[in-house]
Amino acid sequence: MKKPSLAVELAGLRLKNPVMTASGTCGYAEELAPYANLSGLGAVVVKTITLLPRVGNPAPRIAETPSGMLNSIGLQNVGIEAFLRAKLPILRRLKVPLLVNIAGKSVEEYAELAKRLEGVPGVSALELNISCPNVAGGLDYGTDPQLTREVVRAVKQASSVPVIPKLSPNVTDITVIAQAAADGGADALSLINTLLGVAIDPHSRRPKIHTVTGGLSGPAIKPVALRMVWQVAQSVPLPLIGIGGIQTGEDAVEFLLAGAAAVQVGTATFVDPRAPLTVRDGIAAYCARHGVRDVRDLVGAMRAEGE
Ligand SMILES: Cc1cc2nc3c(=O)[nH]c(=O)nc-3n(C[C@H](O)[C@H](O)[C@H](O)COP(=O)(O)O)c2cc1C
């Protein structure tokens with residue numbers, strides 16, 4: 001059989017395969033570059049950028065948990081100015097589509113970031129981290145449908161590249177938020193971000209994370225992420241990027257079958273910096289083994305019971 005085709009199109013972006021890094025797990029790519037050839041990926045997603053630099057939360061900021069990890073990094077990043085000046089030129093050399101992930105404390109801040117990135121060569125799309133507290137309202141953007149709609153609309157107005165809100169799983173019904181993002185004009189959706197959790201050291205009686213709560217990621221969250229991708233795929237007609245606990249090609253195929261058009265690999269990169277490439281090769285091997293000529297044929301192709 002001919003080599004399977006791994007190319008996908010997502011919100012007008014042409015990707016040579018459906019695998020991306022997940023925001024915050026490969027920094028600005030230079031950290032992983034000595035270990036993994038990121039040019040071989042479909043796209044690279046960079047750490048969330050805010051208007052001003054942030055030092056993030058005090059340590060301890062990560063803790064290992066069964067089949068996963070908790071983190072509370074607190075959006076440590078260099079800020080938009082240093083990103084444009086010092087990081088983007090290096091990222092551009094990868095010659096791979098770049099999704100720049102942004103976060104703001106107000107709708108205006110999100111729109112301002114979008115304006116600063118508008119027309120900048122190398123920026124293929126904006127991913128919106130909406131798992132951030134709204135300073136005026138106190139609620140996370142991503143847990144409130146009206147705020148989600150407003151922030152997506154404001155970024156869409158300020159930007160000509162595809163806008164991809166990244167959904168928080170810390171909600172009662174993710175399809176409501178997904179629909180609100182679609183109503184705001186989203187071109188695609190990324191899901192999921194981390195699940196809120198707590199870990200305590202029983203001996204010292206202290207929380208394992210300075211801020212007490214942290215975001216759970218890794219294989220432990222994969223069934224939850226798959227459920228959410230499947231639910232959103234049933235109800236919102238937008239391309240989806242599936243994220244959560246992907247370590248192997250077969251994990252990624254599960255997300256494609258549930259309805260995702262592409263996937264991101266995050267925590268697995270801490271175990272093996274080549275994990276996103278291993279996932280890509282694993283998808284190709286799966287396709288070859290199962291006679292799948294085009295990876296797009298897997299999207300939403302889960303068989304119902306009895307089929
Ligand atoms: C250490 C760490 C830092 C992260 N930082 C960000 C971030 O800055 N912005 C963001 O949108 N998601 C961030 N995430 C969430 C991941 O992009 C991803 O959505 C989540 O970890 C689930 O995927 P995984 O199980 O493959 O890691 C971070 C995750 C980890 C583990």
Side-chain angles (χ1 to χ4, degrees), residues 1-23 25-26 32 36-45 94-99 124-125 127 162 164 166-167 178 186-192 219 221-223 225-269 272-304 307:
M1 192 180 101
K2 247 179 61 191
K3 261 187 156 183
S5 166
L6 293 191
V8 296
E9 204 184 298
L10 188 110
L13 300 175
R14 287 173 172 217
L15 312 180
K16 57 179 175 279
N17 61 67
V19 185
M20 313 176 187
T21 56
S23 178
T25 60
C26 77
L32 281 192
N37 176 16
L38 299 178
S39 307
L41 294 178
V44 163
V45 187
L94 291 173
K95 300 212 180 321
V96 71
L98 293 178
L99 275 58
S124 306
E127 183 174 65
I164 309 174
K166 178 168 175 182
L167 305 186
D187 297 286
L189 300 171
S190 291
L191 66 161
I192 57 175
I221 73 169
K222 197 183 86 177
L226 270 171
R227 184 260 295 178
M228 290 187 162
V229 166
W230 176 74
Q231 280 182 318
V232 173
Q234 305 300 304
S235 66
V236 180
L238 284 178
L240 306 180
I241 305 174
I243 322 166
I246 297 174
Q247 286 187 301
T248 66
E250 291 186 8
D251 291 337
V253 168
E254 285 189 63
F255 277 85
L256 302 178
L257 294 171
V263 296
Q264 294 179 7
V265 178
T267 299
T269 308
D272 173 7
R274 289 194 78 261
L277 296 164
T278 307
V279 169
R280 175 203 62 188
D281 297 345
I283 296 173
Y286 170 93
C287 288
R289 190 168 353 117
H290 291 270
V292 177
R293 281 161 209 263
D294 189 323
V295 75
R296 292 173 301 179
D297 294 341
L298 294 173
V299 177
M302 181 175 79
R303 292 195 184 122
E307 256 183 71

I need the L277 CG to L32 CG distance, nearest 0.5 Å. 9.5 Å
For a side-chain contact (heavy atoms from CB on, under 4.5 Å) check, start with the C-alpha distance between V96 and L38, then their side-chain angles and the critical distance, and finish with the verdict. CA-CA 8 Å; V96 71; L38 299 178; 5.7 Å; no
Listed by chain and number, what are the side-chain contact (heavy atoms from CB on, under 4.5 Å) partners of I221, not counting sequence neighbours? I192, L195, L216
Which value, rounded to the nearest 0.5 Å, describes the distance between L189 atom CG and L238 atom CG? 5.0 Å
Using a 3.5 Å distance criterion without hydrogens, assess whether the side chain of D187 forms a donor-acceptor pair with backbone atoms of I164. no
Apply side-chain contact (heavy atoms from CB on, under 4.5 Å) to the pair L99 and L13, showing each step before the final yes or no. CA-CA 10 Å; L99 275 58; L13 300 175; 4.2 Å; yes
So do I283 and V19 actually touch side chain to side chain, heavy atoms under 4.5 Å? yes
Can you tell me how far the OG1 atom of T25 sits from the CD1 atom of I243, to the nearest 0.5 Å? 9.5 Å
Heavy-atom closest contact (A178 atom, V232 atom, distance): CB-CG1, 3.7 Å
Applying salt bridge (charged side-chain N to carboxylate O under 4.0 Å, His left out), name anything that partners R296, two or more places apart in sequence or on another chain. D294
For L256 and V295: C-alpha separation, side-chain torsions, deciding distance, then whether side-chain contact (heavy atoms from CB on, under 4.5 Å) applies. CA-CA 9 Å; L256 302 178; V295 75; 3.8 Å; yes
Could you give all pairs that pass the side chain to side chain donor-acceptor pair (under 3.5 Å) test and reach residues 274-284, with sequence neighbours left out? none
Residues in salt bridge (charged side-chain N to carboxylate O under 4.0 Å, His left out) with E127, at least two apart? none
Of the non-hydrogen atoms in V229 and L240, which two are nearest, and what is the gap between them? O-CD1, 3.7 Å
Minimum heavy-atom distance A233-G259, with the two atoms named: CB-CA, 4.0 Å
Report yes if the side chains of T269 and T21 come closer than 4.5 Å at any heavy-atom pair, otherwise no. no
Restricting to non-hydrogen atoms, name the atom on P97 and the atom on S124 that form the minimum distance, rounded to 0.1 Å. CA-OG, 3.4 Å
Min side-chain heavy-atom separation P4-V292 under 4.5 Å: no
Closest heavy-atom contact between S23 and Q264? N-OE1, 4.1 Å
Before giving the answer on side-chain contact (heavy atoms from CB on, under 4.5 Å), spell out for L298 and H290 the whole-Å C-alpha distance, their side-chain angles and the decisive distance to 0.1 Å. CA-CA 11 Å; L298 294 173; H290 291 270; over 6 Å; no
Which pairs count as ring-ring contact (aromatic ring centres under 6.0 Å, His included) when at least one residue sits in residues 239-259, sequence neighbours excluded? none
Sequence neighbours excluded - salt bridge (Lys or Arg N to Asp or Glu O under 4.0 Å) pairs with any residue from residues 13-22: none
Taking all atoms of both residues into account, what is the closest heavy-atom pair of L10 and A261, and its distance? CD1-CB, 3.8 Å
Keeping the roles fixed (side chain from D272, backbone from Q247), state whether a donor-acceptor pair exists under 3.5 Å. no
Exceeds 12 heavy-atom contacts within 6.0 angstrom, atom CZ of R289: yes
Atom CG of L191 and atom CE of M228: how far apart are they, to the nearest 0.5 Å? 8.0 Å
